[in-house]
Number of protein chains: 2
Amino acid sequence: MTQERVNLDSSVGYVLKQAAAALRNAMDAALRPLELSVPQYACLELLGQRQGLSAAELARGAFVTRQSMHTVLQGLQDRGLLTRPSTAPQGRALPTQLTDRGAHLLAQASHAVADVERRMLAALPTGHPDRLRQDLAACANALTPAEH
Amino acid sequence: MTQERVNLDSSVGYVLKQAAAALRNAMDAALRPLELSVPQYACLELLGQRQGLSAAELARGAFVTRQSMHTVLQGLQDRGLLTRPSTAPQGRALPTQLTDRGAHLLAQASHAVADVERRMLAALPTGHPDRLRQDLAACANALTPAEH
DNA sequence: TGCGTCATGTCAGGAGTCTGACATAGCGTT
DNA sequence: AACGCTATGTCAGACTCCTGACATGACGCA
């Protein structure tokens with residue numbers, strides 16, 4: 001029976017959580033002047049990439065549940081940053097659209113977050129960001145249970 | 001004015017969050033049979049590495065606030081997995097100790113989590129886990145504000 | 001000695017997220 | 001057409017975690 005202990009400092013999982021926590025804090029600080037939380041920003045950014053996403057799709061992209069995204073969307077809608085039709089054009093999904101105000105705020109937020117990412121990656125040698133991204137994607141994929 | 005948009009798929013930050021979420025889910029599933037949450041496990045693991053840590057030290061190591069760690073400790077203490085003196089031997093810090101039951105449960109949990117980490121790293125070529133860990137540590141360091 | 005600062009433990013309150021549940025709409029199979 | 005399966009939206013409740021606040025003990029400095 002081997003002494004199976006995780007040894008925190010040499011554990012990739014631990015350092016991964018550490019990096020994620022640091023990133024979360026940095027993004028939180030960067031977005032606070034805009035009065036946006038990280039989930040709110042994630043929601044706007046996803047819509048910026050592709051308009052008309054449903055709440056369920058946004059939830060998956062932001063790593064929260066449908067229910068959480070529901071409240072996030074209500075908050076953003078109350079601030080006039082996005083619009084949702086009251087009736088579904090087809091099926092049950094309600095396609096979400098950014099308003100002009102939402103797009104404008106997103107531009108500012110995107111800039112602030114890009115600054116954070118730059119600061120994070122500045123510590124890495126040239127070329128490492130790309131390989132880091134690939135390694136992380138492989139890790140995420142290995143842990144994501146095969147769908148269906 | 002450049003089109004400054006994060007481009008989620010090529011963003012290291014986004015993939016980092018994705019990997020962290022996948023890891024969190026996998027650990028959650030692995031620990032559920034032992035009736036341990038991830039913060040509870042983190043607490044036990046930290047104590048396994050070094051006995052006598054205070055609640056504040058455990059909180060920093062587990063990336064939560066002192067207050068959250070307080071309730072976590074109470075839960076673990078109620079289950080007889082650890083002990084804390086009622087009065088501080090010196091200063092205000094209450095050194096926490098694993099009980100035999102705590103150490104035994106930790107051994108099982110540690111094994112389960114090590115399995116998850118193995119599954120995660122199996123997707124990476126030889127040598128990559130080490131460089132991934134170093135890159136992540138550099139990222140975390142770059143985002144952690146200089147203390148004092 | 002006295003004061004200011006910092007770290008720790010703890011209590012109270014609130015914000016955010018999750019689990020569970022239900023109704024509805026599409027789709028494929030029988 | 002009827003049934004089952006899946007996906008989505010939404011409501012209610014509980015849980016987790018955080019922010020804010022206060023008291024206490026240790027340390028440095030005037």
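Chain letters run A, B, ... following the sequence lines, proteins first and then strands; every chain starts at 1.
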**Report entry** Taking every non-hydrogen atom, the tightest pair across Ala93(B) and Pro89(B)
**Finding:** O-CD, 3.9 Å

Query raised in the report: Any Lys/Arg nitrogen of Arg131(A) or Asp135(A) sitting under 4.0 Å from an Asp/Glu carboxylate oxygen of the other?
Result: no

Requested in this report: State whether His70(A) places a side-chain N or O below 4.0 Å from either non-bridging phosphate oxygen (OP1 or OP2) of dG9(D).
Outcome: no

Query raised in the report: Between Ala93(B) and Asp28(B), which has a closest nucleotide on DNA chain C that is more 5'?
Result: Ala93(B)

Query - Net bend of the helix from dT1(C)-dA30(D) to dT30(C)-dA1(D), end axes of five pairs each, nearest 10 degrees - result: 30°

Report task. Assess whether one donor atom and one acceptor atom, taken from the side chain of Arg60(B) and the base of dA7(C), lie less than 3.5 Å apart. Result -> no

Query - Chi angles and distances behind the side chain to side chain contact (heavy atoms under 4.5 Å, CB included) call for Arg79(B), Leu105(B) - result: CA-CA 11 Å; Arg79(B) 287 167 65 180; Leu105(B) 186 59; 4.0 Å; yes

Decide whether [X] and [Y] meet the rule of one side-chain donor and one side-chain acceptor closer than 3.5 Å.
X	Y	value
Glu57(A)	Ser54(A)	yes
Glu117(B)	Ser11(A)	yes
Thr83(A)	Gln77(A)	no
Tyr14(A)	Gln18(A)	no

For nucleotides 16-18 of chain D, give me every protein contact, N/O to N/O, under 3.5 Å, one pair per line with atom names.
| unit_1 | atom_1 | unit_2 | atom_2 | d |
| --- | --- | --- | --- | --- |
| dC18(D) | OP2 | Thr65(B) | N | 3.1 |
| dC18(D) | OP2 | Thr65(B) | OG1 | 3.0 |
| dC18(D) | OP2 | Ser68(B) | OG | 2.4 |

Query raised in the report: Around Asp100(B), counting heavy atoms of other residues, nucleotides and ligands shown, do more than 12 lie under 6.0 Å from its CG?
Result: no

Round to the nearest Å and state the distance from [X] atom [atom1] to [N] atom [atom2].
X	N	atom1	atom2	answer
Gln90(B)	dT8(C)	CD	C1'	12 Å
Asn25(A)	dT19(D)	CG	P	9 Å
Leu94(A)	dA7(D)	CG	P	18 Å
Leu36(A)	dA15(C)	CG	P	18 Å
Arg84(A)	dT8(D)	CZ	C1'	10 Å
Leu53(A)	dG9(D)	CG	P	11 Å
Leu73(A)	dT10(D)	CG	C1'	12 Å
Arg92(A)	dT8(D)	CZ	P	11 Å

Query raised in the report: Side-chain heavy atoms under 4.5 angstrom apart, residues restricted to Ile, Leu, Val, Met, Phe, Trp, Tyr: same cluster for Leu53(B) and Leu94(B)?
Result: no

Query raised in the report: Considering only dT8(D), dG9(C), dT8(C), which nucleotide approaches the side chain of Glu57(B) most closely?
Result: dT8(C)

